[in-house]
Amino acid sequence: VALTILAGRVFCGYVCPIGTVQELLHKIPTKKLKTRNKSLPVIFRYVFLAVFIVMAVTLSVGLLEYLGVKDFFYLNTSSAFFYVFLGLLVLSIFFYRPFCRFVCPYGVILSLAAIKSRFRLRRNENCTDCAICDEECPTSEAGRDDLKQECYMCQRCGDTCPHDAIDYSAIISQQTNKD
């Protein structure tokens, strides 16, 4: 959480093995699907987190166990849960990071921390509002006024910007002049 508050969701974007596998699968050339409603993944993830907490507290059930994350990374193909997670990964071919965006409980916490992140990708004075970065962003977080809570620091916005208008920079505090 502290790293996210400082530097944005770099853990999700560059360290998390689940995110890495999903990124690699999303690179498979095929028609990609995007959600038009930006709040849908966030709402779904909040609901999933609530269910996750209720089940953990009341039933002592680790919901992530039933999603097969551990079985997948341990290559336990005899477990049915391995195939549940494998199914989520297959969705990654068509939809950007479905596990991260819909069910990851850590993602909820880190997305909230990312809203207050000191460093983040942001538009600079070169921006002409051409919206090329908006089209390229897989999470629809490239907009000037977007919270960047779903930004995984993939840099697609900066890579496609023809005006070199995307920087990874700190929030500069606004000082008022008192005369």
Side-chain angles (χ1 to χ4, degrees), residues 1-27 32-76 79-122 134 137-157 168 171:
V1 172
L3 176 64
T4 301
I5 290 172
L6 175 66
R9 290 183 70 177
V10 293
F11 176 82
C12 297
Y14 296 98
V15 179
C16 179
I18 298 169
T20 301
V21 171
Q22 291 178 101
E23 283 285 342
L24 291 172
L25 289 170
H26 195 70
K27 290 184 182 294
K32 306 300 180 192
L33 306 171
K34 279 182 111 175
T35 57
R36 298 207 190 281
N37 184 343
K38 284 177 34 169
S39 60
L40 180 66
V42 176
I43 292 168
F44 190 88
R45 198 169 53 212
Y46 286 138
V47 169
F48 188 83
L49 179 64
V51 170
F52 179 83
I53 291 169
V54 168
M55 289 186 73
V57 171
T58 61
L59 303 173
S60 296
V61 172
L63 200 53
L64 285 180
E65 224 175 279
Y66 294 106
L67 291 177
V69 175
K70 180 178 159 187
D71 292 321
F72 180 82
F73 284 103
Y74 283 171
L75 298 175
N76 182 7
S79 169
F81 302 124
F82 170 90
Y83 297 99
V84 171
F85 190 70
L86 185 63
L88 280 169
L89 291 179
V90 169
L91 283 176
S92 299
I93 296 170
F94 308 101
F95 187 80
Y96 188 70
R97 289 183 174 232
F99 180 84
C100 301
R101 297 182 67 204
F102 287 99
V103 297
C104 181
Y106 306 112
V108 173
I109 295 164
L110 296 182
S111 72
L112 294 172
I115 293 171
K116 296 296 184 184
S117 177
R118 175 132 170 85
F119 284 86
R120 63 175 73 174
L121 292 168
R122 65 184 82 250
D134 294 336
C137 180
T139 60
S140 301
E141 285 286 311
R144 185 181 300 280
D145 298 323
D146 288 330
L147 296 175
K148 309 297 189 252
Q149 73 183 84
E150 291 297 311
C151 177
Y152 298 106
M153 308 294 183
C154 71
Q155 300 281 344
R156 288 179 180 100
C157 55
Y168 178 71
I171 295 173

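Here the structure is a predicted model, which is why all the values come from computation and not from measurement.
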If you round to the nearest 0.5 Å, how far is [atom2] of [Y] from [atom1] of [X]?
{"X": "D71", "Y": "L86", "atom1": "CG", "atom2": "CG", "value": "11.5 Å"}
{"X": "Q22", "Y": "I93", "atom1": "CD", "atom2": "CD1", "value": "11.0 Å"}
{"X": "L67", "Y": "F72", "atom1": "CG", "atom2": "CZ", "value": "13.5 Å"}
{"X": "F11", "Y": "Y106", "atom1": "CZ", "atom2": "OH", "value": "9.0 Å"}
{"X": "E141", "Y": "D134", "atom1": "CD", "atom2": "CG", "value": "10.5 Å"}
{"X": "R118", "Y": "I5", "atom1": "CZ", "atom2": "CD1", "value": "13.0 Å"}

Would the number of heavy atoms belonging to other residues, nucleotides or ligands and lying under 6.0 Å from [atom1] of [X] be above 12?
{"X": "Y74", "atom1": "OH", "result": "no"}
{"X": "K32", "atom1": "NZ", "result": "yes"}
{"X": "Y46", "atom1": "OH", "result": "yes"}

Check for a donor-acceptor pair, side chain of [X] on one end and backbone N or O of [Y] on the other, with a separation under 3.5 Å.
{"X": "K34", "Y": "C137", "answer": "yes"}
{"X": "S92", "Y": "R97", "answer": "no"}
{"X": "K148", "Y": "G143", "answer": "yes"}
{"X": "R120", "Y": "I115", "answer": "yes"}

Indicate whether the side chain of R45 and that of S111 have a donor and an acceptor atom separated by less than 3.5 Å.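 Yes, because at least one side-chain N or O of R45 sits under 3.5 Å from a partner of the opposite role on S111.
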Consider only side-chain N and O atoms of Y96 and E23, and report whether a donor and an acceptor are under 3.5 Å apart.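 Yes, a side-chain donor-acceptor pair sits under 3.5 Å.
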May I ask you to test the C151-L121 pair for a side-chain heavy-atom distance under 4.5 Å?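 C151 reaches L121 side chain to side chain.
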Among Y83, F52, F81, F48, which one satisfies ring-ring contact (aromatic ring centres under 6.0 Å, His included) with Y66?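 When Y83, F52, F81, F48 are each tested with Y66, the ring-ring contact (aromatic ring centres under 6.0 Å, His included) holds only for F81.
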Is the ring pair F102/F44 parallel, tilted or perpendicular, if the boundaries are 30 and 60 degrees?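 The arrangement is perpendicular - the two ring planes meet at more than 60°.
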Shortest non-hydrogen separation from Y168 to A7 and the atoms involved: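 Shortest heavy-atom contact: OH-O, 2.8 Å.
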